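Here's the structure we're looking at; comments come further down.
All values reported here derive from a predicted model rather than from experimental measurement. As a basis for the values below, the full set of heavy atoms in this structure was taken, side chains included, without hydrogen atoms, waters or symmetry mates.
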Number of protein chains: 2
Amino acid sequence: MGRSVARTTVRSGIFRMTQLDPIDRRILEILVADARIPLTELARAVGLSKTPVAQRLKRLEESGIITGYRAILSPLKLGLTHVTYVEISMSDTRQKALEEFNAAVRLIPEVEECYMIAGGYDYQLKIRSRDMAHFRQVMAERISTLPYITSTSSYVAMEAVVEQNWTAI
Amino acid sequence: MGRSVARTTVRSGIFRMTQLDPIDRRILEILVADARIPLTELARAVGLSKTPVAQRLKRLEESGIITGYRAILSPLKLGLTHVTYVEISMSDTRQKALEEFNAAVRLIPEVEECYMIAGGYDYQLKIRSRDMAHFRQVMAERISTLPYITSTSSYVAMEAVVEQNWTAI
DNA sequence: CCTGAAAAATTATTCGC
DNA sequence: GCGAATAATTTTTCAGG
């Protein structure tokens with residue numbers, strides 16, 4: 001079969017910051033760029049035979065370094081290019097309130113990212129939507145009704161300069 | 001073969017916001033959760049035979065909706081859990097300056113995300129690093145030397161509540 | 001811990017309906 | 001779009017260094 005999707009270019013230089021075995025690191029770099037590469041090709045690319053590469057791969061998966069394999073989609077083609085960051089301040093930052101908030105946030109499909117932040121506000125959400133109208137709807141119906149919110153500030157993204165995607169929680 | 005990686009759970013409700021054919025949407029949902037599912041299984045999951053599913057898949061790939069397939073890694077296991085958002089203000093926001101800045105940002109592996117923002121500041125960067133020391137090094141050596149910067153503010157993430165990953169530029 | 005080749009299993013493609 | 005037959009690819013195993 002000739003795979004009809006080009007290998008995604010991934011800026012994987014970050015892996016150099018890691019204390020992995022160099023061959024494991026190379027395996028990860030290749031797999032992050034092309035999750036469907038056959039073992040045969042992968043082995044050739046790292047300069048070993050299939051047996052040790054299969055072992056290494058299995059170890060990387062079972063140790064949880066590789067958490068899965070995903071298709072990567074084009075937001076442009078899906079009509080989901082509108083990105084907004086929402087900063088949220090909380091009225092209650094005790095553990096129970098935060099956990100309640102976290103659980104509620106995780107139910108909103110438009111939330112692509114949510115971090116608790118140290119500093120001026122409490123949470124930062126990245127919202128992906130079709131357009132401004134869709135974003136406003138998400139804000140009105142899902143975000144502003146989250147528990148313990150006191151205020152929000154929204155910042156609309158005008159251009160995506162870098163969007164990297166190889167991490168999982 | 002028993003694949004030893006569990007299918008990643010992906011909150012793919014966002015695809016409902018899309019005007020795709022329901023079967024194509026289902027195919028995407030499955031592939032975003034498990035890029036390595038065999039055609040046979042995929043066909044069974046969507047309730048069609050292999051032939052039409054192979055055609056649909058090819059169409060989704062060739063139309064650019066699916067841009068690639070990636071392994072997803074654990075930042076925790078890699079020791080890359082330190083996330084910081086950096087807001088940047090620019091001294092020059094003319095097109096040429098912005099393009100120069102964009103090109104320079106794309107060379108920094110620790111930059112996981114970079115958007116041009118409408119509002120109080122000009123860019124927001126998401127930096128992934130090993131720890132605070134590593135982050136400070138990135139700031140000192142890579143970020144603060146970017147062209148046309150006037151000021152930066154950094155916000156450290158204390159907890160990852162949602163990290164979604166299915167998009168590509 | 002790695003090699004190389006044989007064997008086994010799985011997966012994709014084709015084609016008539 | 002279906003299903004079976006065919007073809008191709010891929011993974012696993014194993015003897016040997």
Using atom CZ of Arg44(B) as one end and atom C1' of dA12(C) as the other, report the distance to the nearest whole Å. 16 Å
In whole angstroms, the gap separating C1' of dT3(C) from CD1 of Ile23(A) amounts to 14 Å
Nearest to side-chain heavy atoms of Thr40(A), which nucleotide of dC2(C), dT11(D), dT11(C): dT11(D)
Are Tyr123(B) and Glu159(A) close enough that a side-chain donor and a side-chain acceptor fall under 3.5 Å? no
Return the value, rounded to whole Å, for the distance between atom CD1 of Ile37(B) and atom P of dT10(C). 15 Å
Is it true that Glu113(A) and Lys126(B) have a side-chain N and a carboxylate O under 4.0 angstrom from each other? yes
With a 4.0 Å cut-off on N to O distance, would you call Asp34(B) and Arg70(A) a salt bridge? no
I want to check one thing: is the phosphate of dC2(C), taken as OP1 and OP2, less than 4.0 Å away from some side-chain N or O of Arg56(A)? yes
To the nearest Å, give me how far apart CG (Asp34(A)) and P (dT10(D)) are. 11 Å
Nearest-Å distance for atom pair NZ/P, residues Lys50(B) and dC15(C): 15 Å
Would you indicate which nucleotide in dT11(D), dG1(D), dC2(C) comes nearest to any side-chain atom of Pro38(A)? dT11(D)
Could you check whether Thr51(B) gets within reach of a base, just the sugar-phosphate, or nothing at all, counting any heavy atom under 4.0 Å? base
Among the nucleotides dG1(D), dT12(D), dT3(C), which one has an atom lying closest to any side-chain atom of Ser49(B)? dG1(D)
Calculate the interatomic distance between Lys58(B) atom NZ and dT11(C) atom C1'; express it in whole Å. 17 Å
Applying side chain to side chain contact (heavy atoms under 4.5 Å, CB included) between Met116(A) and each of Ile88(A), Asp122(A), Leu98(A), report the one that passes. Leu98(A)
Sugar-phosphate only, base, or nothing, as touched by Pro52(A) at under 4.0 Å among non-hydrogen atoms: base
What is the distance, to the nearest angstrom, from the CD atom on Glu41(A) to the P atom on dA8(D)? 18 Å
If I take atom CG in residue Leu39(A) and atom C1' in nucleotide dT10(C), what distance separates them, rounded to the nearest angstrom? 14 Å
Kindly state whether the ring of Tyr155(B) and the ring of Tyr121(A) have centres lying under 6.0 angstrom apart. yes
